[in-house]
Number of protein chains: 2
Amino acid sequence: MRLTTKGRYAVTAMLDLALHYKDGPITLADISQRQGISLSYLEQLFSRLRKQELVDSTRGPGGGYRLSRDSHDIAVADVITAVDEKVETTRCGGLSNCQDDSQCLTHDLWTELSAQIHEFLMGISLGNLVERQGVQEVAARQEKAETNFGMSKDAVANS
Amino acid sequence: MRLTTKGRYAVTAMLDLALHYKDGPITLADISQRQGISLSYLEQLFSRLRKQELVDSTRGPGGGYRLSRDSHDIAVADVITAVDEKVETTRCGGLSNCQDDSQCLTHDLWTELSAQIHEFLMGISLGNLVERQGVQEVAARQEKAETNFGMSKDAVANS
DNA sequence: ACAAAACCAAGCATTTTAGTCAAGTATTTT
DNA sequence: AAAATACTTGACTAAAATGCTTGGTTTTGT
């Protein structure tokens with residue numbers, strides 16, 4: 001389990017979906033605009049999220065993405081592992097004979113550590129995050145900005 | 001808090017120090033040999049570990065590095081933050097106006113998440129790791145290899 | 001038909017990672 | 001004092017990851 005900005009982007013986007021669940025399918029363009037993530041990058045991320053069946057997609061006008069299940073049933077860990085392809089960064093590769101025909105100190109240690117972090121992130125769902133105060137506040141501000149300044153859309157697109 | 005292989009190398013090296021604490025100062029050459037990490041890379045890592053006062057160094061023949069305090073008083077989080085210079089990967093930089101003059105959804109969320117992971121890793125000390133079974137076993141194997149095959153030292157150095 | 005959307009894929013610029021290399025400086029044993 | 005050993009510093013590099021761009025193709029509601 002790695003924690004990178006890629007995972008953060010994915011979690012943010014999924015959180016956006018969770019926040020706007022009641023609005024029906026959400027387009028990537030909407031997410032791009034609200035969260036300031038490029039459309040193409042979102043496409044890449046959602047390709048994986050869809051393969052992991054974390055989201056459902058609808059094509060055509062009025063289409064978009066929706067969470068595949070209740071936000072409380074999607075863990076942050078699910079989202080992160082979906083977009084972070086697990087590169088085996090151990091020298092060992094799949095085997096565990098990276099050193100003197102035995103596995104290195106690193107191997108066991110990091111595997112265990114990683115498992116515990118994973119477990120921790122499994123305990124936090126998108127639903128949990130939506131309920132948090134800070135998230136609510138920012139989301140409200142984003143909605144407001146959206147309705148008040150129609151021009152900001154183009155301003156962002158042109159920058 | 002980022003989790004990369006760099007942090008893993010650092011934790012591994014520190015764990016090696018913890019395991020050989022009783023042997024007096026440990027040279028980086030020893031760690032390099034036992035853990036299969038290049039000497040120069042270790043030098044970089046230990047430069048930071050020393051600046052964070054996680055290790056004490058002794059120069060001259062017979063010198064080397066030692067944990068600056070008991071292994072139970074050094075958290076895994078300490079080691080990782082020491083070597084992972086905190087790059088502000090948020091668009092916001094120091095400010096929090098990355099989007100529409102307000103902070104993005106990401107900001108609060110990831111800060112909080114990151115804090116929790118940090119807290120978690122603060123709860124695991126090098127001492128804890130040393131006590132684990134798997135670590136003991138690998139360490140024993142490494143010691144054995146060291147005493148049995150004196151030639152492996154040169155073999156590694158020449159490769 | 002047309003436009004809005006998802007989907008797909010190649011490729012690019014930049015940054016980060018994981019190291020190496022080279023040339024030091026400092027300490028201690030002899 | 002000399003040599004051995006240890007640490008420091010900074011430049012450099014190959015490979016990977018990041019985030020984006022471009023240029024499509026399908027699918028579908030109107």
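Every chain is numbered from 1, with letters handed out A, B, ... down the list of sequences.
Under the salt bridge (Lys or Arg N to Asp or Glu O under 4.0 Å) criterion, A:R48 pairs with A:E85, not counting sequence neighbours. Every residue two or more places apart in sequence or in another chain that forms a ring pair (Phe, Tyr, Trp, His ring centres under 6.0 Å) with A:Y41 is listed here: A:Y9.
Sorted by first and then second residue, the salt bridge (Lys or Arg N to Asp or Glu O under 4.0 Å) pairs involving residues 60-72 of chain B (not counting sequence neighbours) are B:R69-B:D78. Among pairs with a residue in residues 61-80 of chain A, those fulfilling ring-ring contact (aromatic ring centres under 6.0 Å, His included) read A:F46-A:Y65, at least two apart in sequence or across chains.
A:L42 has its CG atom 17 Å from the P atom of D:dT22, to the nearest Å. Counting to the nearest Å, the C1' atom of C:dT16 and the NZ atom of A:K6 are 14 Å from each other. The separation between A:D56 atom CG and C:dA6 atom P is 13 Å, rounded to whole Å. One interatomic measurement links the two molecules: CG of B:L39 to P of D:dC7, which rounds to 9 Å at whole-angstrom precision. Atom CG in A:D84 sits roughly 11 Å away from atom P in D:dG19 (whole-Å rounding). The separation between A:I31 atom CD1 and C:dA6 atom C1' is 12 Å, rounded to whole Å. Going from atom CZ of A:R48 over to atom P of C:dA6 covers 19 Å, rounded to whole Å. One atom, CD1 of B:I26, and another, C1' of D:dC7, lie 16 Å apart when rounded to the nearest Å.
Within the 4.0 Å cut-off from OP1 or OP2 of D:dT18, not a single side-chain nitrogen or oxygen of A:Y9 is found. Remark: A:Y41 is in phosphate contact with D:dG19, judged by side-chain N or O atoms under 4.0 Å from OP1 or OP2. Applying the 4.0 Å criterion to OP1 and OP2 of D:dT5, one finds that B:T27 has every side-chain N and O outside that range.
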Where do N or O atoms of nucleotides 7-13 of chain C meet protein N or O atoms at under 3.5 Å, pair by pair?
{"residue": "C:dC7", "atom": "OP1", "partner": "A:R50", "partner atom": "NE", "Å": "3.3"}
{"residue": "C:dC7", "atom": "OP1", "partner": "A:S57", "partner atom": "OG", "Å": "2.4"}
{"residue": "C:dC7", "atom": "OP2", "partner": "A:Y65", "partner atom": "OH", "Å": "2.2"}
{"residue": "C:dC7", "atom": "N4", "partner": "A:E43", "partner atom": "OE2", "Å": "3.0"}
{"residue": "C:dC8", "atom": "N4", "partner": "A:E43", "partner atom": "OE1", "Å": "3.1"}

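The backbone N or O of B:E43 sits nowhere less than 3.5 Å from a side-chain atom of B:S47 that would complete a donor-acceptor pair. Remark: the backbone N or O of A:G63 is not paired with any side-chain donor or acceptor of A:T58 at under 3.5 angstrom.
Residue A:L28 is in sugar-phosphate contact alone, with no base atom involved, counting any heavy-atom pair closer than 4.0 Å across all strands shown.
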Under 3.5 Å, sequence neighbours excluded: what are the donor-acceptor pairs made by side chains of residues 118-125 of chain A?
{"residue": "A:S125", "atom": "OG", "partner": "A:G127", "partner atom": "N", "Å": "3.3"}
{"residue": "A:S125", "atom": "OG", "partner": "A:N128", "partner atom": "N", "Å": "3.0"}
{"residue": "A:S125", "atom": "OG", "partner": "A:N128", "partner atom": "OD1", "Å": "3.2"}
{"residue": "A:S125", "atom": "OG", "partner": "A:N128", "partner atom": "ND2", "Å": "3.4"}

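Nearest-nucleotide positions on DNA chain C for B:G60 and A:P61 put A:P61 closer to the 5' end.
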